[in-house]
Amino acid sequence: MKDISQLLALLGNEKDPLLNHVCETIPKDQIHWPNSSHIDTVFLQSNRNAQTIRSLNQIYQNGRLSNTGYLSILPVDQGIEHTAGSSFSPNPIYFDPENIIKLGLEAGCNAVASTMGGMAVLSRKYAHKIPFVVKINHNELLTFPNKHDQIMFASVKDAWNMGAVAVGATVYFGSAESGRQMIEVANAFEEAHNLGMATILWCYSRNDAFINNGIDYNTAADITGQANYLGVSLQADIIKQKLPTNNRGFTTLKFGKTNPDMYTKLASDHPIDLCRYQVINCFSGRIGMINSGGESKGETDLAEAIKTAVINKRAGGAGMIMGRKAFQRPFNEGVKLINAVQEIYLSEEITIA
């Protein structure tokens with residue numbers, strides 16, 4: 001087993017609180033945490049057909065985290081979501097989507113998630129070498145003023161034809177357009193499952209009104225937890241969510257329905273407890289939740305990624321989906337950063353809290 005002491009040292013003063021925390025809010029025996037038999041224990045009991053289960057297995061059994069129940073996915077859809085110039089200026093080789101796929105291969109990722117066009121142009125060369133996840137909807141930034149919407153860029157059938165094993169989609173829960181997005185995604189996920197593909201949902205809360213007194217409750221545990229519950233209700237096989245940064249979004253913003261136990265018995269201010277609340281909203285962990293890596297901030301990227309991985313794993317999460325921190329740096333450095341995060345999930349030293 002590889003020594004990860006240097007990686008854990010990056011946690012600094014947070015090392016002991018993160019590594020020694022015991023969840024007394026939602027105990028670990030109340031959740032389904034990732035393991036090598038996750039597909040058999042969860043999806044064989046479900047309505048997913050044999051082809052979909054095989055597609056899920058292709059993702060879970062690929063790369064350095066194969067046969068662990070954990071996932072390391074490389075997502076590069078920022079060329080549309082954040083503009084290509086903004087996203088790829090730090091490393092222009094990624095204007096060429098082949099380098100995106102090469103990064104996922106070299107880093108031993110379970111899968112690569114990217115745009116329809118980028119993956120289609122290289123599908124015959126690579127679709128059989130690493131699982132493809134095609135992101136079928138996006139928020140483009142050329143509409144002015146910008147709006148919080150996700151529109152369809154691709155069809156499920158086209159993704160299936162190119163050899164993709166899964167489709168990914170985003171719903172901006174809380175946005176004015178979220179109702180339409182949920183209908184579109186529910187229909188797309190039904191078609192994907194019928195064709196034998198897996199489904200991944202980017203479960204993001206997005207509403208400017210969720211920012212109150214300078215605090216952004218779009219990443220509050222209670223709001224993101226409910227977004228997760230809506231996502232698994234849409235039959236997502238994997239949930240992508242941002243790590244919670246606070247709580248009490250519903251009570252502060254004075255909307256929705258709450259119970260005091262949500263903030264006392266089911267959560268505390270500890271980051272692992274907040275993340276555990278996200279996990280329990282994914283049908284108690286039956287549907288795996290992967291946390292996003294977030295934006296690249298330069299020298300602190302590795303420390304931030306390790307912290308996110310430790311919180312996610314100890315909370316019962318299923319891994320990380322990290323893009324900008326990896327591709328907005330030299331290729332070999334990106335590989336090393338992804339591999340470092342994978343070591344957290346491979347380590348027996350990091351346990352479920």
Side-chain angles (χ1 to χ4, degrees), residues 4 6-21 23 33-34 63-65 68-76 78 107 109-111 113 200 202-205 216 218-221 224-225 227-228 238-247 267-279 281-282 285 288-329 333-347 349-353:
I4 61 168
Q6 290 184 323
L7 295 178
L8 297 180
L10 295 172
L11 298 174
N13 294 334
E14 296 179 282
K15 180 179 177 180
D16 287 339
L18 289 177
L19 295 182
N20 296 321
H21 178 70
C23 281
W33 63 78
R64 296 186 72 230
L65 298 186
T68 64
Y70 291 107
L71 298 168
S72 169
I73 298 177
L74 174 68
V76 188
Q78 291 86 351
C109 292
N110 295 76
I200 304 177
W202 278 237
C203 276
Y204 289 163
S205 165
D216 190 352
N218 281 290
T219 50
T224 55
N228 285 356
I238 298 166
I239 294 292
K240 177 190 177 187
Q241 184 56 267
K242 295 180 180 180
L243 204 65
T245 58
N246 51 56
N247 205 357
S268 76
D269 291 332
H270 196 285
I272 293 175
D273 290 346
L274 294 177
C275 190
R276 171 84 39 105
Y277 185 78
Q278 290 182 330
V279 170
N281 274 282
C282 293
M289 184 194 74
I290 51 180
N291 284 126
S292 56
E295 66 179 311
S296 174
K297 297 179 181 178
E299 293 182 359
T300 62
D301 281 353
L302 178 57
E304 291 173 356
I306 295 302
K307 178 181 176 180
T308 299
V310 169
I311 293 172
N312 172 272
K313 183 178 182 182
R314 300 215 68 221
M320 279 187 67
I321 178 165
M322 184 171 61
R324 283 170 288 173
K325 281 182 168 59
F327 71 75
Q328 289 184 340
R329 58 191 348 100
E333 290 184 18
V335 171
K336 290 179 181 178
L337 193 150
I338 294 172
N339 288 166
V341 169
Q342 291 165 348
E343 291 300 331
I344 298 300
Y345 292 98
L346 290 170
S347 173
E349 182 180 347
I350 312 298
T351 59
I352 309 296

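Just so it is clear, the model here is predicted, and its values are computed rather than measured. This chain uses plain numbering: 1 for the first residue, then up along the sequence.
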In chain order, what residues pass the salt bridge (charged side-chain N to carboxylate O under 4.0 Å, His left out) check against [X], with sequence neighbours excluded?
{"X": "E14", "result": "K307"}
{"X": "D273", "result": "none"}
{"X": "R324", "result": "none"}

From CA spacing to verdict: side chain to side chain contact (heavy atoms under 4.5 Å, CB included), T219, L243: CA-CA 7 Å; T219 50; L243 204 65; over 6 Å; no

Stepwise side chain to side chain contact (heavy atoms under 4.5 Å, CB included) check, M322 with L337: CA-CA 10 Å; M322 184 171 61; L337 193 150; 3.0 Å; yes

Grab the two heavy atoms, one from [X] and one from [Y], that are nearest each other, plus how far apart they are.
{"X": "V279", "Y": "A315", "answer": "CG2-O, 3.9 Å"}
{"X": "E343", "Y": "L7", "answer": "CB-CD1, 4.1 Å"}
{"X": "A221", "Y": "Y277", "answer": "O-CD2, 3.4 Å"}
{"X": "H21", "Y": "P17", "answer": "CB-O, 3.2 Å"}
{"X": "M289", "Y": "C275", "answer": "CE-SG, 3.7 Å"}
{"X": "I352", "Y": "R276", "answer": "CG2-NH2, 3.4 Å"}

Other residues, nucleotides, ligands: >12 heavy atoms within 6.0 Å of D269 CG: no

Residues, nucleotides or ligands: over 12 heavy atoms within 6.0 Å of E333 CD: yes

What I'd like to find out is whether the side chain of [X] reaches to under 4.5 Å of the side chain of [Y], using heavy atoms alone.
{"X": "I311", "Y": "L274", "result": "no"}
{"X": "I272", "Y": "C23", "result": "yes"}
{"X": "L302", "Y": "K336", "result": "no"}
{"X": "C109", "Y": "I338", "result": "yes"}
{"X": "L18", "Y": "H270", "result": "yes"}
{"X": "L19", "Y": "V310", "result": "yes"}
{"X": "Y204", "Y": "T224", "result": "no"}

From CA spacing to verdict: side chain to side chain contact (heavy atoms under 4.5 Å, CB included), N312, Q241: CA-CA 11 Å; N312 172 272; Q241 184 56 267; over 6 Å; no

By side chain to side chain donor-acceptor pair (under 3.5 Å) - contacts of Q342 (at least two apart): R64, S72, N339

Partner residues of T300 under the side chain to side chain donor-acceptor pair (under 3.5 Å) criterion, sequence neighbours left out: E304

Between Q278 and N228: side-chain donor-acceptor atoms closer than 3.5 Å: no

Donor-acceptor side-chain pairing of T308 and N291 below 3.5 angstrom: no

Pair T245-D216, side chain to side chain contact (heavy atoms under 4.5 Å, CB included): steps then yes or no: CA-CA 9 Å; T245 58; D216 190 352; 6.0 Å; no

Approximate separation, where rounding is to 0.5 Å, of L71 CG and I321 CD1: 9.0 Å

Inter-residue atom distance S296.OG - R329.CZ, 0.5 Å rounding: 5.0 Å

Heavy-atom donor-acceptor pair, K325 side chain to E295 backbone, under 3.5 Å: yes

Any donor-acceptor pair under 3.5 Å from K313 side chain to I344 backbone: yes

Non-neighbouring partners of Y70 that pass ring pair (Phe, Tyr, Trp, His ring centres under 6.0 Å), sequence neighbours left out: Y345

